[in-house]
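Owing to the predicted nature of the structure, the values given are computational and were not obtained by experimental measurement.
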Amino acid sequence: YRTMLQAIGRPRWNGLNGSLNIEGPRIPLAEFPTTDSGESGVYINEIKGQMPINLRHAFQVMRKGPVYQRETPHGPRLPIRWVMGLSVAQMAGSAKVMPATEARIKEQLAKRLWHYVSQWNAGTLPSRVMRGR
């Protein structure tokens, strides 16, 4: 969770314009909810509210441990590789996530605008708001 928060960064705004820079590396699949089903692989739920995906040739050595996958599905036991998931930027840009994010931004913008208009009408709007900081 901390990795995801660090990737999002701090929002920047000036008046009604704002930006959010989201960057960072891919996240290990062990950070997501996983279920090792033995013979049928590992089920991973990368995006909340979606059906879990099944990696049929993957396995976990320990519960909540890293997810590994053999280089070739029916080949030798070795070599194996560590399987990575999506990056935070990929999750944020997902067609499932973006509409909910935009709706939340619009909701918060409306609340803040109402708050500032109320303060303006009451004559209590701080001077820092007028400067855009």
Side-chain angles (χ1 to χ4, degrees):
Y1 184 72
R2 184 182 318 150
T3 306
M4 294 178 199
L5 286 179
Q6 288 173 344
I8 292 173
R10 295 183 53 101
R12 300 177 191 274
W13 66 90
N14 183 8
L16 294 179
N17 296 319
S19 66
L20 187 61
N21 187 28
I22 303 173
E23 58 186 22
R26 293 172 60 123
I27 300 171
L29 285 180
E31 297 286 326
F32 300 99
T34 60
T35 305
D36 189 353
S37 60
E39 292 295 318
S40 61
V42 178
Y43 289 94
I44 298 136
N45 194 355
E46 283 186 295
I47 297 179
K48 189 175 182 179
Q50 279 189 329
M51 293 293 294
I53 58 171
N54 183 11
L55 297 177
R56 294 181 51 85
H57 301 287
F59 61 94
Q60 286 180 292
V61 177
M62 299 177 299
R63 184 179 170 105
K64 302 284 184 190
V67 177
Y68 296 101
Q69 190 169 19
R70 288 187 173 78
E71 291 288 333
T72 55
H74 300 290
R77 293 177 53 96
L78 296 174
I80 59 175
R81 64 183 171 94
W82 195 15
V83 184
M84 301 297 280
L86 299 172
S87 70
V88 177
Q90 288 172 314
M91 286 185 269
S94 166
K96 297 264 185 190
V97 174
M98 187 57 76
T101 303
E102 287 177 349
R104 178 78 171 146
I105 289 170
K106 289 177 182 176
E107 175 188 324
Q108 289 300 313
L109 179 61
K111 282 182 184 179
R112 296 311 301 165
L113 282 174
W114 180 255
H115 171 76
Y116 287 134
V117 167
S118 298
Q119 282 189 334
W120 174 268
N121 290 336
T124 59
L125 188 65
S127 60
R128 67 179 169 75
V129 174
M130 294 299 290
R131 290 188 304 244
R133 294 180 191 198

Chemist: If you round to the nearest 0.5 Å, how far is CD of E31 from CE of M84?
Modeler: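 Separation between the atoms: 9.0 Å.
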Chemist: To the nearest 0.5 Å, what is the distance between OG1 (T35) and CD1 (I44)?
Modeler: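 Nearest 0.5 Å value for the OG1-CD1 distance: 9.0 Å.
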Chemist: If I take atom CH2 from residue W114 and atom CD from residue Q119, how far apart are they, to the nearest 0.5 angstrom?
Modeler: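 Between W114 CH2 and Q119 CD, I get 12.5 Å after rounding to 0.5 Å.
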Chemist: Does the side-chain contact (heavy atoms from CB on, under 4.5 Å) test come out yes or no for V83 and V42, once each step is laid out?
Modeler: CA-CA 11 Å; V83 184; V42 178; over 6 Å; no
Chemist: Nearest heavy-atom pair of A58 and V67: which atoms, and what distance?
Modeler: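 Shortest heavy-atom contact: CB-CG1, 3.9 Å.
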Chemist: In terms of hydrophobic clustering (I, L, V, M, F, W, Y; side-chain heavy atoms under 4.5 Å; direct or indirect links), are Y43 and L86 co-clustered?
Modeler: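 No: no chain of side-chain contacts under 4.5 Å links Y43 to L86.
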Chemist: Ignoring hydrogens and angles, write down the donor-acceptor pairs under 3.5 Å from the side chains of residues 106-113, residues two or more places apart or on other chains.
Modeler:
residue: E107; atom: OE2; partner: R104; partner atom: NH1; Å: 3.3
residue: R112; atom: NH2; partner: Y116; partner atom: OH; Å: 3.4

Chemist: For the residue pair G24 and S87, what are the closest heavy atoms and their distance?
Modeler: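 Shortest heavy-atom contact: O-CB, 3.8 Å.
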Chemist: Distance check, rounded to the nearest 0.5 Å: L29 atom CG versus N45 atom CG?
Modeler: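 Interatomic distance, L29 CG to N45 CG, rounded to 0.5 Å: 11.5 Å.
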Chemist: Could you measure the distance from the OG1 atom of T34 to the CD1 atom of I53? Nearest 0.5 Å is fine.
Modeler: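 Output value for this atom pair is 11.5 Å.
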Chemist: For R26 and G85, indicate whether the former's side chain and the latter's backbone hold a donor-acceptor pair under 3.5 Å.
Modeler: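 Yes.
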